[in-house]
Amino acid sequence: MGDVFVEFFSEEALENIMALLQYKPERIIYLGHKHNMITKKMKSLRKFASITAPDTILEFIEVPRDSLELCIQTIDDICEEYPDARFELTGGGEMFLIAFGYVSASRSPKTLRIDPYTGTEMDFQNESAPVSSKTDVRISVAENIVLHGGVLRSPMNNWRFTEQFRDEIRTIWGVARELRHNWNKHCSVIEEVVKNYPADDAGVYRLPKAALRDAVQILQRLSEISMMDFFRYERSQVVFRFRSKQIREIVTKTGNILELHVYEVATRKPTEFTDAAIGAVIDWDGEADPDAEFTYDGRPRSETINEIDVILMRSAVPTFISCKSGRADSKALHELETVTSRFGGRYAKKVLVMASPCDTSTSGTSFFKQRAKDMHIWVIDDVYSITDAQLMRKLMRIQGV
C-alpha cells in the first residue's frame, strides 16, 4: 500500500496543497464539511493536482460539522484502514481538530505541518521534540491561478525578455526618471497622435510637430539613446522609425515602462522570485460560453476578466502588484483587493507601485496610505526617486525576506 496523507479541508486553497506538493503521495484524503468543501473548490483542486501531481489520487470525505461523533469515527476509520497515514495539520475546522485530538489520545497518528508562508515543515513523529526542515515547495503563477479556480490567459503584450530588451528597459527607464510626470503626459500625446497618423508599411512614422507639441522631446531623447533606426525633422513633421516593436509599445502606451521596470528589477535574479508574470490576464472561471460574443482580441465578452500588471511567486506565495504611473485613488485599492483575495487568499501579498509620490498634499497622502494599510496593501511610491536595489529590497521585505 502506497503513502497516504490526510488533509483537513480548508477554505484557503494554499493550505490544501502543501503535502501534495512536497510528497506527491499515492493518495490524499480530504476531510471537510459541506459549507466549505464545495464542488467548485474540489474541481479546482483536482485540476491543480492533475498538473502538479498527476499520479496522486484525491479522495474527498464530507462529514456534518455539528457531529463530533461522526468526525471521530471518520478519523478512526482512516487510521484503521491506513495505519501509516500522515495527517497534515495546516488547515481544517475546529470540530475536526477536536476529533483528531480525541483519536490521537489512543492511536498516536503520524502528524506534520507545512507552513505555506515559509515552506517550513514540522514533523511531530519524534516524541522528544518536533523536527523542523525546509521544503522546496513552489508553484508557478499559472498554477496558482488554476488552484483558485481561474485560468491565466495570454497577455495583451507578449513581451520577449531577451538581455537586449532588458538593457533597453533600463535605458528607457532612465529617460522616464529624467522626465518624471512629463513622461506620462508626453506618452499620452504620442499614443493619440500615432493612432491618427499610423506608420507606413515599412514602420516609418510621419507625425506633425504641431500635434506632438512638447511630446516630441521623448522621441528626440529616444533617438539620442539609440532606440530609433533614424529620426529627423522634415519641415512641419518628424520622421522616424522605432528600433523594434517592443520599444514602440513602451512609448505608445502610458504606464508600460513602469510595469516593465518593476518586472525587470524583480526578475534579474531568478533565485529571488521563483516565477513571475507581467500583464497577467486572469479568466475568473476559465470556461468560455460557446455562444458568447467575442471582443476584438478574441475573448468572450461575457467572461469576467482581470489584468494584473505584475505577479511574483516566492515558493507558493504570490504577490499581486498594481502599477500606477499617474495618480491612484481608492478604486485602485479596491480593484487590487478584489483580485488578490480571489486568486491569492489570505497568504497573498498586495502591492501598489507608484512612479510618483502618492500625493502632493500631506493630508491626502496620510488618508490614502492609511486606507491602503487598513486593507493590508503595501504602497511603494515615488519609484522615480529610488534605486533598483532599493526597489528590490522593498519587494523582498514584503515577502518577509
Side-chain angles (χ1 to χ4, degrees), residues 1-37 41-42 44-46 48-49 52-53 55-139 147 314-317 345-347 400:
M1 185 178 295
D3 50 339
V4 175
F5 284 75
V6 181
E7 292 269 11
F8 297 113
F9 196 87
S10 172
E11 294 184 4
E12 288 294 333
L14 198 55
E15 294 179 348
N16 295 322
I17 63 167
M18 304 310 290
L20 176 76
L21 293 173
Q22 176 65 5
Y23 292 98
K24 296 180 171 50
E26 180 180 299
R27 179 184 298 270
I28 296 183
I29 301 171
Y30 290 94
L31 301 181
H33 305 301
K34 186 175 183 178
H35 78 283
N36 70 340
M37 204 161 69
K41 289 186 177 181
M42 290 190 289
S44 298
L45 185 50
R46 287 189 186 279
F48 175 84
T52 58
D55 296 327
T56 299
I57 298 169
L58 305 189
E59 180 181 348
F60 297 89
I61 299 177
E62 181 187 309
V63 181
R65 65 173 169 175
D66 58 350
S67 176
L68 178 60
E69 183 180 348
L70 276 176
C71 289
I72 292 172
Q73 185 61 56
T74 302
I75 295 172
D76 200 59
D77 289 345
I78 291 172
C79 290
E80 187 69 32
E81 184 174 359
Y82 305 104
D84 293 324
R86 301 182 67 188
F87 287 77
E88 207 279 315
L89 305 179
T90 303
E94 63 178 23
M95 190 66 77
F96 269 121
L97 296 178
I98 293 170
F100 180 73
Y102 183 89
V103 174
S104 297
S106 58
R107 286 192 175 271
S108 299
K110 300 174 181 178
T111 58
L112 74 153
R113 183 183 185 276
I114 303 176
D115 186 345
Y117 271 130
T118 64
T120 301
E121 178 178 340
M122 299 296 295
D123 191 326
F124 300 98
Q125 292 185 72
N126 190 326
E127 294 183 0
S128 59
V131 177
S132 174
S133 61
K134 191 72 175 177
T135 68
D136 189 28
V137 170
R138 61 178 64 188
I139 59 177
L147 176 63
R314 185 170 175 84
S315 298
V317 177
R346 70 183 180 90
Y347 289 98

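It should be emphasised that the depicted structure is a prediction, and the values quoted were computed from it without experimental measurement.
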By salt bridge (charged side-chain N to carboxylate O under 4.0 Å, His left out), which residues pair with [X], not counting sequence neighbours?
X: D55; answer: none
X: R86; answer: E121, D123
X: K110; answer: D84
X: E80; answer: R107

[X]: side-chain contact (heavy atoms from CB on, under 4.5 Å) partners, not counting sequence neighbours:
X: S106; answer: none
X: R46; answer: L58, F60
X: K34; answer: E62
X: S315; answer: none

Which residues pass the side chain to side chain donor-acceptor pair (under 3.5 Å) test with [X], not counting sequence neighbours?
X: Y347; result: E15
X: T52; result: none
X: E88; result: T90

With a cut-off of 3.5 Å and sequence neighbours excluded, list every side-chain donor-acceptor pair involving residues 66-74.
residue: S67; atom: OG; partner: L70; partner atom: N; Å: 3.1
residue: Q73; atom: NE2; partner: D77; partner atom: OD1; Å: 2.7
residue: T74; atom: OG1; partner: L70; partner atom: O; Å: 2.7

